[in-house]
Amino acid sequence: MKNCLIWFRNDLRLDDNHTVNLCLKNNYKVLPVYIIDESIPIGSSSKWWLKNSLKSLNKSMNNNLLIKRGNSTEVLERLIQDYEISEVCWNARYSKEEILQDSIVEKSIIKHGLRVNIYHSTLLRNPSETLKKDGAPFKVYTPFYKQKYSDVKYESHQYDCAKLEYLSLQEDKNSDFLIDNFLPDESWHQKLNKIWDPGENGASKRLNSFLSDGLKGYSEDRNRPDLPKTSMLSPHIRFGEISIRKVAESIQDDNSHDSEIFYKELVWREFSYHLLYHFPHLTNDNLQKKFDSFQWENNQENIKCWRKGITGYPIVDAGMRQLWQTGYMHNRVRMIVGSFLVKNLLTHWKYGQEWFWDTLVDADIASNSASWQWVAGTGADAAPYFRIFNPITQSKKFDPDGEYIRKYIPELKNIPNKYIHLPSELDDKSLSEFGIRIGHDYPKPIVDLSVTRERALAAFKQLPKST
Ligand SMILES: Cc1cc2nc3c(=O)[nH]c(=O)nc-3n(C[C@H](O)[C@H](O)[C@H](O)COP(=O)(O)OP(=O)(O)OC[C@H]3O[C@@H](n4cnc5c(N)ncnc54)[C@H](O)[C@@H]3O)c2cc1C
């Protein structure tokens with residue numbers, strides 16, 4: 001019987017995972033390993049998620065998950081020898097740094113005469129295979145979707161994970177102890193414990209509840225942050241706790257418009273990975289080069305107000321406070337706060353990308369980078385720079401009764417619906433009737449929307465015409 005090492009990374013599940021299937025099909029004895037390697041850093045909220053997800057995976061493997069910390073190549077080389085491993089397998093990752101690390105590891109393993117099996121279980125399709133007919137990568141979502149994803153059927157694999165046979169661990173410390181040691185809890189993590197259920201079980205519960213309560217009406221209501229209509233699967237998908245094939249499969253026989261729109265959102269994620277894979281500088285540089293000469297203001301005081309949710313624009317502040325309190329923000333509000341930061345505050349999108357990277361539980365190298373470039377207008381197929389969201393109009397349209405605002409900014413709870421989207425419009429007397437003093441209980445707007453809009457458009461006009 002051969003010994004096989006499964007190197008887990010962004011695929012923290014047993015179900016419908018090609019690496020696990022390989023071991024079951026061939027009756028391999030398995031050494032499941034996760035390496036905390038700080039050369040590929042993650043944000044604070046992601047660390048909390050990772051910690052709990054690893055504990056959950058370890059539990060479903062009857063405490064057989066081996067956790068290590070250090071340089072991936074060195075750790076794996078040692079384990080291969082200690083456990084007499086003859087095959088290694090993993091699911092591919094797609095950022096420049098991850099691809100480089102994986103290729104170094106692969107070479108070192110092959111040098112030892114071992115076989116390496118690499119799969120693509122974290123995406124619906126391998127991004128190296130979704131090119132245009134002329135062999136170039138797509139830069140526009142719609143043809144990408146139509147040519148590569150519409151009419152595709154998915155089939156997840158069913159197998160009995162209870163039959164996995166594990167190699168006995170030679171290490172003396174148990175994995176949960178190591179996880180706690182490497183990823184210590186911080187006090188603000190307590191609030192996340194109450195909201196989320198990281199791990200494979202939590203992911204599958206989330207999918208089932210979305211299919212029964214969220215999918216119907218999704219196409220319309222997914223834009224409403226005041227309604228619980230989106231799946232909130234993103235952190236589970238980010239850590240691979242649920243197979244993306246399984247998510248797509250779960251809706252493919254339902255011909256409703258809601259299912260189609262939901263599937264298209266899954267394909268936006270694929271598109272982000274397509275961009276990341278083919279344009280690896282997506283994480284750092286403007287995809288449209290003309291923005292390299294853009295004169296950003298990057299006012300540190302304004303950036304601080306944005307992060308803390310004290311800009312004086314309730315929908316922006318509610319979004320930023322939702323992020324801080326829950327590690328998550330509704331997609332529509334991500335677009336609103338993004339537009340406000342980049343266009344009204346004239347801030348480079350990298351400031352937003354970095355804050356989201358640190359605070360989102362679903363912080364994803366591809367989706368976060370591609371979405372920030374989309375919002376800023378600097379990316380492929382991006383919202384044009386001159387399309388500037390008005391946060392008040394957006395707020396009235398998508399949070400009509402101000403329920404989302406009141407949830408995250410309770411100090412505004414007595415303001416009537418008509419004024420909740422911009423309470424600073426009211427005079428001091430009326431405000432005092434509602435128990436609010438602007439500039440005291442809730443801030444004055446930090447910038448004027450029309451002045452900053454004109455300023456952004458003027459700056460945009462200075463750019464060279466070419467990309
Ligand atoms: C500025 C900005 C930053 C973002 N950063 C991230 C990020 O770091 N990680 C992340 O997963 N998503 C990111 N998104 C995309 C989107 O906001 C989230 O995926 C979505 O809000 C997650 O909620 P949900 O699971 O309820 O989504 P649902 O509406 O239920 O969608 C289902 C799944 O589809 C995928 N998806 C949906 N919308 C998008 C999208 N626009 N782009 C890529 N994938 C999508 C997600 O995996 C999501 O879980 C970002 C969007 C913006 C505007």
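For ligands, and for the atoms within them, numbers begin at 1 and follow the listed sequence.
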Purely on distance, is any nitrogen or oxygen of Met232 under 3.5 Å from one on ligand 1?
-> yes

Go through Asn331 and Arg222 one step at a time and tell me if the side chain to side chain donor-acceptor pair (under 3.5 Å) criterion holds.
-> CA-CA 8 Å; Asn331 180 57; Arg222 79 201 157 98; over 6 Å; no

Go through ligand 1 atom by atom and flag the ones less than 4.0 Å from a non-hydrogen atom of Phe262.
-> 30 (O), 31 (O), 32 (C)

Hey, looking at atom 27 (O) of ligand 1, which of Ser231, Gly352, Ser339 has the closest heavy atom?
-> Ser231

Ranking Ile336, Asp362, Ile261 by closest non-hydrogen atom to atom 7 (C) of ligand 1, top hit is Asp362

Ring centroid separation Phe210 to Tyr218 under 6.0 Å = yes

Answer yes if the ring centres of Phe389 and Phe340 are under 6.0 angstrom apart, and no otherwise.
-> no

Between the side chains of Asn10 and Asn91, does any donor sit under 3.5 Å from an acceptor?
-> no

Which of these, Asn331, Leu266, Asp364, has its nearest heavy atom closest to atom 8 (O) of ligand 1?
-> Asp364

Candidate list Trp357, Phe356, Trp349, test ring-ring contact (aromatic ring centres under 6.0 Å, His included), partner Trp372, passing option = Phe356

State if Phe271 counts as touching ligand 1 under the rule of any non-hydrogen atom under 4.0 Å.
-> no

With only distance considered, is Ser234 within less than 3.5 Å of ligand 1 through an N or O on each side?
-> yes

Do Tyr404 and Tyr408 have ring centroids that are under 6.0 Å from one another?
-> yes

Option of least heavy-atom distance to atom 42 (N) of ligand 1 (set: Tyr273, Trp357, Trp268) | Trp268

Correct closest heavy-atom pair for Tyr154 and Glu249 would be O-CG, 3.5 Å

Between the candidates Ala376, Ser367, Ala366, which shows the shortest non-hydrogen contact distance to atom 43 (C) of ligand 1?
-> Ser367

Would you say Ser272 has any N or O atom under 3.5 Å from an N or O of ligand 1, going by distance alone?
-> no

Quick one: does Leu233 get an N or O within less than 3.5 Å of an N or O on ligand 1?
-> yes

Residue, atom and distance of the protein heavy atom nearest atom 2 (C) of ligand 1 read Ser371 CB, 3.3 Å

